[in-house]
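Start at 1 and go down the list; that is how both ligands and their atoms are numbered. These figures come from a predicted structure and were not determined experimentally.
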Amino acid sequence: MLLTISTEHFPASDLGFLLHKHPDRFQSFDLSFGRAHVFYPEVSEQKCTACLLLDVDPVEMVRGRPRDQNFQLGQYVNDRPYVASSLFSVALSQVFRTALCGRCDRRPELAATPLPLTARIEVLPVRGGEGFLHRIFEPLGYQVEVIPHPLDDQFPEWGESPYFTVTLSGTKLLSELLTHLYVLIPVFDNGKHYYIGEDELEKLLNKGGSWLACHPEKEQIARRYLKNRPSLYRQALARLEDQETETEEENSTPVQQEETLERSLSLHERRHAAVLGQLLASGAHSVLDLGCGEGKLLRDLLKERQFERIVGMDVSIRTLEIAQKRLKLDQLPDRQAEKIKLIHGSLMYRDKRLAGFEAAAVVEVIEHLDPPRLASFERVLFEFARPETIVLTTPNYEYNVMWPALQAEQGTDAPRSPYLFRHSDHRFEWTRQEFQDWAKRITEKYGYEVHFLPVGEVDEAVGPPSQMGVFRRMKMGRPKDE
Ligand code: SAH
């Protein structure tokens, strides 16, 4: 596994000072799982490149460890020697410890100067596809170039692999770049080789610092970094949230970060604008936002005088806490505060609190539900809550071809892998036809009618990135018997 870091800062050989590794030497370091080597394939005043090569010994890794009962050979035959994983982060922190901390005793001014830097990770395993790579690195101010790799050159029909060559460029402190790599490499891979305990939480908060608190994907980052340990993850989010509030108050978010963030959110915002438009047009005065997440649509709904009663529901308490904070519910004037309520609940269960509303929004939620349980959701919403208008959106799977790493196998019966979905938490993604078939079945069963609208730029061949169904309850409609 290879990482290269280059600079064209003048004189470029300063990189040797910053990394605390002499450009003329080839140095090796013993680690518990193999050896790391540092060397410089090019050194001049104009350009300097340092390499960190990690030589993982897969046999050494399994000594004294419990065996995986499912696939015993997997201990020896695995991708760890070839990819950037949590092992790589460990190597980075051991070999470049001082640089990672931002220290350079001989040239302190250098450590405090942002330099034009380029890092290339030769092979990064990414769960979540190319889109996820961009969503993670771009808000940090990097230009991101990605080369996807097919599973096997000989068999292109097998499609893409989860492996990418990633090049990041930006003007950064070297310590920033190293820290981003240290924290984020294991996040892409989503599989750590070591036990995740309290100290990992501290490491994340320590190294993540303010950039993580402002990152639009901080939840995913924390969840994956802490390897889905919910208790640690909740603590991390709570503490990051506090940090973010402080940063917001200081008003110190870099403009560049904001711009990139807006770019990455534009589809999201367009989707909410489209949903809001439909809710307004429905004439509804009371509205539910089901699976409201952090409350972005709720914020828009609150601004509209037409809506007199607004309820946001989500299954995640933590998300609701964030929504509560974001919407500053405790600071709203009484009249505003009276009209909105956040409730904790699941769309899987019939819930009396959802009855009696004129409209409901279900924005990018159904794809998070397990397909076998979709039937429960259908009844909860269309049979029991039964609002007059339902505005529902979900990704259009066909559009994934527009993101090269999410090559959809259109027209084939090949199984869809979660690697091909936009978010690792998606349980399915539908083509336009699949969504429309589902929606039409619903309308017949529960006495609704539906029309479909695109969300985002429509591509002639594959349609829009996201799709919306607007359901209206028919006057005489009655749910059909099973
Ligand atoms: N509608 C929001 C959030 C979309 S993300 C937006 O457009 O920004 C999906 C949301 O659905 C998450 O907040 C998740 O917690 C929620 N969710 C997932 N399963 C759910 C369930 N069974 N009941 C209610 N909410 C659920």
Residue pairs passing the salt bridge (charged side-chain N to carboxylate O under 4.0 Å, His left out) test with at least one member in residues 348-357, sequence neighbours excluded, are Asp351-Arg353
Just to verify, what does Ser169 make a side chain to side chain donor-acceptor pair (under 3.5 Å) with, not counting sequence neighbours? none
Single hit among Leu297, Asp289, Leu280 for side chain to side chain contact (heavy atoms under 4.5 Å, CB included) with Val275: Leu297
Has Glu457 got more than 12 heavy atoms of other residues, nucleotides or ligands less than 6.0 Å from its CD? no
Could you check ligand 1 for N or O atoms lying under 3.5 Å from protein N or O atoms and list the pairs with distances?
from: ligand 1; atom 1: 1 (N); to: Gly291; atom 2: O; distance (Å): 2.7
from: ligand 1; atom 1: 1 (N); to: Val363; atom 2: O; distance (Å): 2.8
from: ligand 1; atom 1: 7 (O); to: His272; atom 2: NE2; distance (Å): 2.9
from: ligand 1; atom 1: 8 (O); to: His268; atom 2: NE2; distance (Å): 3.1
from: ligand 1; atom 1: 13 (O); to: Asp314; atom 2: OD1; distance (Å): 3.4
from: ligand 1; atom 1: 13 (O); to: Asp314; atom 2: OD2; distance (Å): 2.7
from: ligand 1; atom 1: 15 (O); to: Asp314; atom 2: OD1; distance (Å): 2.6
from: ligand 1; atom 1: 22 (N); to: Ser346; atom 2: OG; distance (Å): 3.3
from: ligand 1; atom 1: 23 (N); to: Leu347; atom 2: N; distance (Å): 2.9
from: ligand 1; atom 1: 25 (N); to: Val315; atom 2: N; distance (Å): 3.4

Taking only residues two or more places apart in sequence or in another chain, which ones pass side chain to side chain donor-acceptor pair (under 3.5 Å) with Thr319? Ser316
Are any of the side-chain nitrogens in Glu398 or Arg432 under 4.0 Å away from the carboxylate oxygens of its partner? yes
